[in-house]
Amino acid sequence: MLVSPHRLQLTLIPLLLCSLLSFPARAQQTPSVPSVAQVDQILSGIHHGRSVAQVAVSPDGKRLAWVQGAEVRVSPIDNISQSQQVSAGTLPQSCRESDIDWSPDSAAIAFLSDCASPGDQLDLYISALDGSPARRLTTLHGDVNAPTFSPDGKQIAFLYIEGASRPAGATAAQDLPSGVIGENNVDVQRVATVPADAPQPLNATFITLANLHAYEFDWSPDSKSIAFIAAEPPGENNWWVARLYIQPVGGSPAAVLNPSQVSGPLHGLQIAVPRWSPDGKWIAFIGGLMSDQGVTGGDVWVVSSTGGQPADLTPHQPSTAEWFTWGNDSNLYVSDVAGGDCRLVRWQVREDERSNQVSMTAARTIFSISGTVGDGRMERSLSSTADRSLFVFVSSSFEAPPEIFAARTDQAPSLPPSGLGGRRQLSHFNDGVKPAWGQSISLTWTNDNFHIQGWLVLPENYDPSKKYPLIVEVHGGPASAVPSRWAMGGPLSPAVFSDLGYFVLEPNPRGSFGQGEAFTQANRKDFGYGDLRDILAGVDTVLSKYPVDPHRIGITGWSYGGFMSMFAVTQTHRFRAAVAGAGISNWLSYYGENSIDQWMIPYFGASVYSDPAVYAKSSAINFIKNVSTPTLAVVGDRDGECPAPQSFEFWHALRDLHVPTELVVYPNEGHGLSDPAHRRDVLERAVDWFAQYMP
């Protein structure tokens, strides 16, 4: 059943709620149901300011390129105000441009643009940055991303799905099922190349084979081979069983690492971010328990480029590596999450030639900030000069809007640190922009011998003499983490809740990144139990420190957070209202409905057909008669990650039990809602739901 995205009410069955205990004799702060105009005003304040989608420093450190809106701009690194637009079209022609990469000699940039077919196909262009028009290099027909120059500058490789039926990845809206399922219309992403000096647009030349779906790649230092992570199609499902390959350009691939066949702690886990060492002897990568393609986290590992047993370079670290790059053969720069902070850490690499083993020691923190960082390519990736003396990235926090920053690793005087956690601010796009929400605080607490961190956002115009309601928002994943970041957007926006007078707790319970690999793996075969105890302990911490009304606490979340919202109301009556976005109510039926079942094996230990009991243990539907909490469920009708039948099943059960409930299904939407009207509708409904049931 499809539902219009407009304010069409579905089934809402009233239930006589238990009488609330008398509130303490303290002034109450009661959020009211906002008008459309008030929501518009709040959203306008939240999204005020300019964002940067990607930033890249030239290898020689003299210039910056960045993507703002759909524009590519280039400037001297020490004077961003002198930027000029670089385009594949004739200005002021409007084109959609993205995915920038500098040539190794810093003389040119490659980027993607739809100028040849506006609003449709992206192609690869190169600009010499000399005022002449950018040159079109390709004639593509499909999905393209991640253009990367070879080290010698002669070729540009990229990921390409020829004839793609939709964007790559499981979060996009799934194709409607038809034909032979699993065999028809299977898209395969491959590594392709084009000469950087192509005099006219060319078709892509594929490097990798049609029977391998490639996710990431890296050029060898001599530009003659690539390392890449790939699996057999369908790619969206098999990332969790992907292998590491090496392939000469024009040659055949050779698997150098298969996590399902190695012994030790990496066995059966995931790998990402393959990177050649400068001497070509080693390939380092990130390995660990990961729940979502593209959301990378774990330890830094290394394996010989000829294969063999991998070695963990960062075992037992109380942090999660999310991205890294080699400095030289003797050091690595690792971008990680430690508690609530994002860091860049330089590690010394030591090679024992007698045993042919590699280890890392003597870490030095380049910067550590309570905010988020990234250059727009990958999770926590940073752009750097060729000698790694300078790293450039976009950074923001709950308090500070996004700006471009630089961090030096060599203490050179030309860019001295400014005291901003080891960073120096380069851009001033958002000077004067202030947050439209309340103050944020990093909270820590202990539960079951785990040290847990989370973020508490105070209500806008907070008055400690008043009592306030609290909304707990659980992140997706579960292998992920909530950082301090600007705007806090999305269809379930903590910023909006704060502006409307709520405390908002965003916990990073066990299963999250930021406390080391053991912490990330602590919820295996235990979904909904230990992590819920961690969350409830966080609620108790908030209650002990702030004037929160214990009778007005709600819970919400998307994806894994949607599951936690569904499961939590079957385990406790502490939550008076719940909003479950793209949730999972029945792990047994979910196994056969989703398009990414491979991610479940490392978490549950076996398939549902081999061990149904472990799936039943964490299925909210098996405890549904415990629920009295009014629950709103929202989901996209073509969600392959958390299919709509999961929300139907939960809603149907609550309706049958006469618990207040509502289900909204959004047409032509995948796991992440892409239509702004749908995202806005979810937000309005969530705000109404909490205001109605937590008055």
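Heavy atoms only: backbone and side chains are in, while hydrogens, waters and symmetry mates are out.
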Salt bridge present between K434 and E399 (N-O < 4.0 angstrom): no
Nearest-0.5 Å distance that lies between atom OG in S383 and atom CZ in R377: 6.0 Å
Exercise: do S442 and Q453 side chains pair donor with acceptor under 3.5 Å: yes
Trace of the side chain to side chain contact (heavy atoms under 4.5 Å, CB included) decision for I156 with T148: CA-CA 5 Å; I156 303 174; T148 307; 5.8 Å; no
Distance-minimising heavy-atom pair for L212 and P253: CD1-CG, 4.3 Å
Point-to-point distance, once rounded to the nearest 0.5 Å, from OG of S395 to CD1 of I369: 3.0 Å
Interatomic distance, L332 atom CG to W347 atom CH2 [nearest 0.5 angstrom]: 10.0 Å
Donor-acceptor under 3.5 Å (D101 side chain, A110 main chain): no
I283 backbone acceptor or donor facing S277 side chain under 3.5 Å: no
Interatomic spacing from OH in Y546 to CG in L443 - rounded to 0.5 Å: 5.5 Å
Point-to-point distance, once rounded to the nearest 0.5 Å, from CD1 of I246 to OG of S305: 5.0 Å
Side-chain donor-acceptor pair present, R73, S83, cut-off under 3.5 Å: yes
Backbone of Q317 reached by a side-chain donor or acceptor of T314 within 3.5 Å: no
Polar contact flag, side-chain donor to acceptor under 3.5 angstrom, R50-Q68: yes
Any donor-acceptor N/O pair, T365 side chain to F367 backbone, under 3.5 Å: no
Side-chain touch S389/R408, heavy atoms, less than 4.5 angstrom: yes
Worked check of side-chain hydrogen bond (donor to acceptor under 3.5 Å, both in side chains) between Q155 and S223: CA-CA 9 Å; Q155 301 180 77; S223 301; over 6 Å; no
Closest non-hydrogen atom pair, R346 against T409: NH1-O, 3.6 Å
Distance-minimising heavy-atom pair for I80 and L426: CD1-O, 3.6 Å
Row check, F405 ring normal vs R423 NZ/CZ: under 6.0 Å, within 45°: yes
Heavy-atom pair of closest approach, residues F503 and L458: CE2-CG, 3.6 Å
Side-chain (E216) to main-chain (V273) donor-acceptor, under 3.5 angstrom: yes
Exam field: side chain E403 to backbone V394, donor-acceptor pair closer than 3.5 Å: no
F519/F450 aromatic ring centres below 6.0 Å: yes
Derivation of the side chain to side chain contact (heavy atoms under 4.5 Å, CB included) call for F513 and S319: CA-CA 7 Å; F513 292 156; S319 59; over 6 Å; no
Pair T372-R380, side-chain donor/acceptor within less than 3.5 Å: yes
I226/I207 under side chain to side chain contact (heavy atoms under 4.5 Å, CB included): CA gap, chis, key distance, verdict: CA-CA 9 Å; I226 60 168; I207 298 179; 3.8 Å; yes
Contact check, side chains of P402 and V52, non-hydrogen atoms, under 4.5 Å: no
R388 and T325: CA distance, side-chain angles, deciding distance, side-chain hydrogen bond (donor to acceptor under 3.5 Å, both in side chains) verdict: CA-CA 9 Å; R388 306 297 190 258; T325 188; 3.1 Å; yes
V358 side chain near L313 side chain, heavy-atom distance below 4.5 Å: yes
Side-chain donor-acceptor contact under 3.5 Å, Q348 with T361: no
Residue among T296, L257, D299 satisfying side chain to side chain contact (heavy atoms under 4.5 Å, CB included) with F285: L257
Partner of S559 under side-chain hydrogen bond (donor to acceptor under 3.5 Å, both in side chains), chosen from H475, H671, E641: H671
Ring-ring centroid check W437 W486, cutoff 6.0 Å: yes
Any L382 side-chain heavy atom under 4.5 Å of L344 side chain: yes
Stepwise ring-ring contact (aromatic ring centres under 6.0 Å, His included) check, W102 with F149: CA-CA 7 Å; W102 283 94; F149 275 95; 9.6 Å; no
Point-to-point distance, once rounded to the nearest 0.5 Å, from CD of E506 to OG of S484: 9.5 Å
Heavy-atom side-chain contact between S291 and Y603 under 4.5 Å: yes
Under 3.5 Å: donor-acceptor pair, side chain of Q309, backbone of S263: yes
S396 side chain reached by P401 side chain, heavy atoms, under 4.5 Å: no
Heavy-atom check, side chain of V457 versus side chain of Q439, under 4.5 Å: no
Short side-chain to backbone donor-acceptor contact, Q54 and I100, under 3.5 Å: yes
Non-hydrogen atoms of W445 and G454 that approach each other most closely: CZ3-N, 3.8 Å
For the student: nearest non-hydrogen atoms of Q270 and G268, plus distance: NE2-O, 3.8 Å
Distance-only polar pair, side chains of T320 and D336, donor-acceptor under 3.5 Å: no
S103 side chain vs A108 backbone, donor-acceptor pair below 3.5 Å: yes
Stepwise ring-ring contact (aromatic ring centres under 6.0 Å, His included) check, Y333 with F324: CA-CA 5 Å; Y333 290 90; F324 72 93; over 10 Å; no
Let me have the donor-acceptor pairs involving side chains of residues 527-534, under 3.5 Å, with sequence neighbours excluded, atom names and distances please.
from	atom 1	to	atom 2	distance (Å)
Y529	OH	K617	O	2.5
D531	OD1	G528	N	2.9
D531	OD1	Y529	N	3.2
D531	OD2	Y560	OH	2.7
R533	NE	D448	OD2	3.0
R533	NH2	D448	OD2	3.0
D534	OD1	N447	ND2	2.7
D534	OD1	R510	NE	3.4
D534	OD1	R510	NH2	2.8
D534	OD2	R510	N	3.1
D534	OD2	R510	NE	2.7

Greater than 12 external heavy atoms within 6.0 Å of H451's NE2: no
Electrostatic pair R343:D341 at N-O distance under 4.0 angstrom: no
N508 (side chain) donor-acceptor with V482 (main chain) under 3.5 angstrom: yes
Side chains of R275 and W323 in contact at under 4.5 Å (non-hydrogen atoms): yes
